[in-house]
Every structure is written in C-alpha cells, then in structure tokens.
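Since the structure comes first, as structure tokens, the remarks are kept for the end.
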Amino acid sequence: MAFYAFKTIDVGSVAAGASTEKTWTSDDDYTIHKIKFIEKTGGDLYQYEVTISVDNYVITKDTVSASVFVGTWNQLPTLDISIKKAQVIKFSIENGESAARDCYIVLELHK
C-alpha cells in the first residue's frame, strides 16, 4: 500500500449550533490512510463533532471531536479504511462551537 493522492472536501461555513453533511463517492478502490480537518481561519474544533460512515457502516460509532483529526500528518491517527469504487463516505458534522467554522477535510488515499 503506497500513497496515491489527496482528496479535499470543502465543508464550507457551518454556523454555530448548525449541522451539515458532506459526502464523497469514491472513483476507485482506495485505502483512506488518514483524515485531516483544516479550519480555514485557524479556529478551534473541540466542539466541532463529526460522525464518519462508509455506506451505512459507521466508523466512529459515535460522534468524535474533529480535533482528533487536527495536527501534523505524523500526529493523525492511522485509519486504513478500505473503500471500494462507488462507495460513499459521509461526514455528518455538528458545530457546537460559539462561532461559525469553515473547514476542509483532506483524505490521504493509498492504493
């Protein structure tokens, strides 16, 4: 398994107390090695909660603070999630912060 590409998902602005869902349909078979959240203005993501699922399988089993997916690439958890072509990865996000947050989600894809 070797690095193949990065996939960036633009979450856009999520108002304080609001929620959103973002999805990506895989265009090939990949392993999602790591997931990184990047807050565009450098704000905190401690109360920015995310649930991640592939098709109907929930990977997080519950909501997880997006802060788990913040830091340098070496600090991020290794996930190695297999995703097949045409499968959908979904990020359900709830912003519990006191201000809007505007983020990217970057997937490190391996083949």
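In what follows, every heavy atom counts, from backbone to side chain, and hydrogens, waters and symmetry copies are set aside.
- Within 6.0 Å of the CG atom in Asn56, the count of heavy atoms belonging to other residues, nucleotides or ligands does not exceed 12.
- A side chain to side chain donor-acceptor pair (under 3.5 Å) check over residues 102-111, counting only residues at least two apart or in different chains, returns the pairs Asp28-Lys111, Lys40-Asp102, Glu108-His110.
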Does the pair Ile89 and Ile32 meet the rule for a side chain to side chain contact (heavy atoms under 4.5 Å, CB included), with working shown?
CA-CA 10 Å; Ile89 185 165; Ile32 301 171; 3.5 Å; yes

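- Between Glu21 and Lys90 the shortest side-chain heavy-atom distance falls below 4.5 Å.
- Checked against side-chain contact (heavy atoms from CB on, under 4.5 Å), Gln87 has the following partners two or more places apart in sequence or in another chain: Val54, Asp55, Ile83, Lys84.
- The two residues Ala100 and Ser13 come nearest to each other via the heavy atoms CB-OG, 3.8 Å.
- For Ser26, there are no side chain to side chain donor-acceptor pair (under 3.5 Å) partners two or more places apart in sequence or in a different chain.
- A chain of hydrophobic side-chain contacts below 4.5 Å, direct or via other Ile, Leu, Val, Met, Phe, Trp or Tyr residues, connects Ile38 to Phe6.
- At a threshold of 4.5 Å between non-hydrogen side-chain atoms, the residues Phe91 and Ile9 count as touching.
- Remark: Ser53 OG to Ile59 CD1 distance equals 7.0 Å, nearest 0.5 Å.
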Val58 and Thr60: CA distance, side-chain angles, deciding distance, side chain to side chain contact (heavy atoms under 4.5 Å, CB included) verdict:
CA-CA 6 Å; Val58 181; Thr60 53; 3.8 Å; yes

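- Take Asp27 and apply the side chain to side chain donor-acceptor pair (under 3.5 Å) test, not counting sequence neighbours, and it matches Tyr30.
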Check: residues 41-52 side-chain donor-acceptor pairs under 3.5 Å, at least two apart:
from, atom 1, to, atom 2, distance (Å)
Thr41, OG1, Glu39, OE1, 2.7
Thr41, OG1, Glu39, OE2, 3.4

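- For the atom pair CG (Leu109) and CZ (Phe3), the distance works out to 7.5 Å, reported to the nearest 0.5 Å.
- When all heavy atoms are compared, the tightest approach of Ala16 to Ser98 is CB-C, 3.7 Å.
- Here Leu107 contributes atom CG and Ile105 contributes atom CD1; the two are 7.5 Å apart, rounded to the nearest 0.5 Å.
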Please list, one pair per line, the donor and acceptor atoms closer than 3.5 Å that link side chains of residues 66-82 to other protein atoms, with sequence neighbours excluded.
from, atom 1, to, atom 2, distance (Å)
Ser67, OG, Ser65, OG, 2.7
Thr72, OG1, Gln75, OE1, 3.3
Gln75, OE1, Thr72, N, 2.8
Asp80, OD1, His33, ND1, 2.7

